[in-house]
Amino acid sequence: MRKTSVFEIRIICDPADTNRVTTALKTAFAAGAARMYPTRDGKRARLYVTADHRPDPEPFLAPEAAYALAPSIVSEIGWTARTLATTECFTELDRDYYLRKAALLDRIALLDEPDLFNDGDARETALAAAVMLLDTDRPHLALHLAEQAEQDPRGYVRQQYAQRAGCVCDDADEVDCLAHPDPDQ
């Protein structure tokens, strides 16, 4: 177990940069709330933040846990095909499409993996879809999370899918609920 080493960070910056600076600190460290005071000349801000090294990331979920609420593979193949069929050519699809596609391909590859003598096409395709999702998300990930995801892109897909798969039926602004897919589609 790692020993805790809490430390204090002081930053002097332009007041307009305080949000950007505190966001960057929270990305790099497990940081508490920033305390802000003006500098003596009153032109800049002093930020004081109590921080600790970011803890090691939790391991990714096992496939059984990640896909516990997932619709059937056949249903997801249908959803993917319908989405592509109803989308105008050269239209950029949203992240949800790429997440669901990567999860679908991961699930198909998982069915294929017990066979030690297969050529790995399903695994390679699932990995390619996972890397594409990761590349889409990378600008929004903290460095340590991006590094963890690079080590296991398919694990990253499982984690993201499990976070997305919770029931959102009561929230009209959300996209279709994965836990209760539309039976008409």
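Here the structure is a predicted model, which is why all the values come from computation and not from measurement.
- In terms of modelled atom types and a separation under 3.5 Å, the side chain of T39 and the main chain of R44 share a donor-acceptor contact.
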Please report the C-alpha distance between Y156 and R158 in whole Å, then the side-chain angles of each, then the deciding distance to 0.1 Å, and finally whether the side chain to side chain donor-acceptor pair (under 3.5 Å) criterion is met. CA-CA 5 Å; Y156 175 73; R158 294 173 194 143; over 6 Å; no
Let me have the donor-acceptor pairs involving side chains of residues 59-67, under 3.5 Å, with sequence neighbours excluded, atom names and distances please.
from : atom 1 : to   : atom 2 : distance (Å)
Y67  : OH     : D106 : OD2    : 2.6

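- Contact check for D152 versus Q148: no side-chain heavy atoms found under the 4.5 Å cut-off.
- Of all non-hydrogen atoms in T91 and T87, the two that sit nearest each other are CB-CG2, 3.5 Å.
- I12 has its side chain out of reach of L47: every pair of non-hydrogen atoms, C-beta onward, lies at least 4.5 Å apart.
- Taking the side chain as every heavy atom from C-beta outward, L134 and L141 approach each other to under 4.5 Å.
- Contact between T18 and C13 at its shortest, heavy atoms only, is CG2-SG, 3.9 Å.
- Taken together through direct or relayed side-chain contacts under 4.5 Å among Ile, Leu, Val, Met, Phe, Trp and Tyr, L99 and L93 form part of one hydrophobic cluster.
- The salt bridge (Lys or Arg N to Asp or Glu O under 4.0 Å) analysis of residues 5-18, with sequence neighbours excluded, yields the pairs E8-R35, D17-R20.
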Worked check of side-chain contact (heavy atoms from CB on, under 4.5 Å) between I73 and L111: CA-CA 11 Å; I73 289 176; L111 294 174; 3.6 Å; yes
Do T80 and Y97 pass the side-chain contact (heavy atoms from CB on, under 4.5 Å) test, and can you show the C-alpha distance, the side-chain angles, and the key distance before you say yes or no? CA-CA 7 Å; T80 303; Y97 171 80; 3.5 Å; yes
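- Contact annotation: the side chain of L110 approaches that of R154 to within less than 4.5 Å [non-hydrogen atoms, C-beta and beyond].
- Residues I11 and L25 meet the side-chain proximity criterion, which asks for heavy atoms closer than 4.5 Å.
- At a threshold of 4.5 Å between non-hydrogen side-chain atoms, the residues H140 and R95 do not count as touching.
- To the nearest 0.5 Å, the span separating CD1 on I9 from OG1 on T22 amounts to 11.5 Å.
- One N or O on the side chain of T136 and one on the backbone of M132 form a donor-acceptor pair closer than 3.5 Å.
- Counting only heavy atoms from C-beta outward, the side chains of F29 and D52 never approach each other to under 4.5 Å.
- Grouped with V131 in one hydrophobic cluster are L127, the linkage being side-chain heavy-atom contacts under 4.5 Å among Ile, Leu, Val, Met, Phe, Trp and Tyr residues.
- Across all their heavy atoms, A130 and A102 have their closest contact at N-CB, 4.2 Å.
- Side-chain atoms of S75 never come within 3.5 Å of backbone atoms of P71 as a donor-acceptor pair (strictly under, hydrogens ignored).
- Residues Y161 and V74 do not share a hydrophobic cluster, defined by chaining ILVMFWY side chains whose heavy atoms lie under 4.5 Å apart.
- Remark: the backbone N or O of D96 is not paired with any side-chain donor or acceptor of R100 at under 3.5 angstrom.
- Salt bridge status for K101 with E76: absent, with no side-chain N to carboxylate O gap under 4.0 Å.
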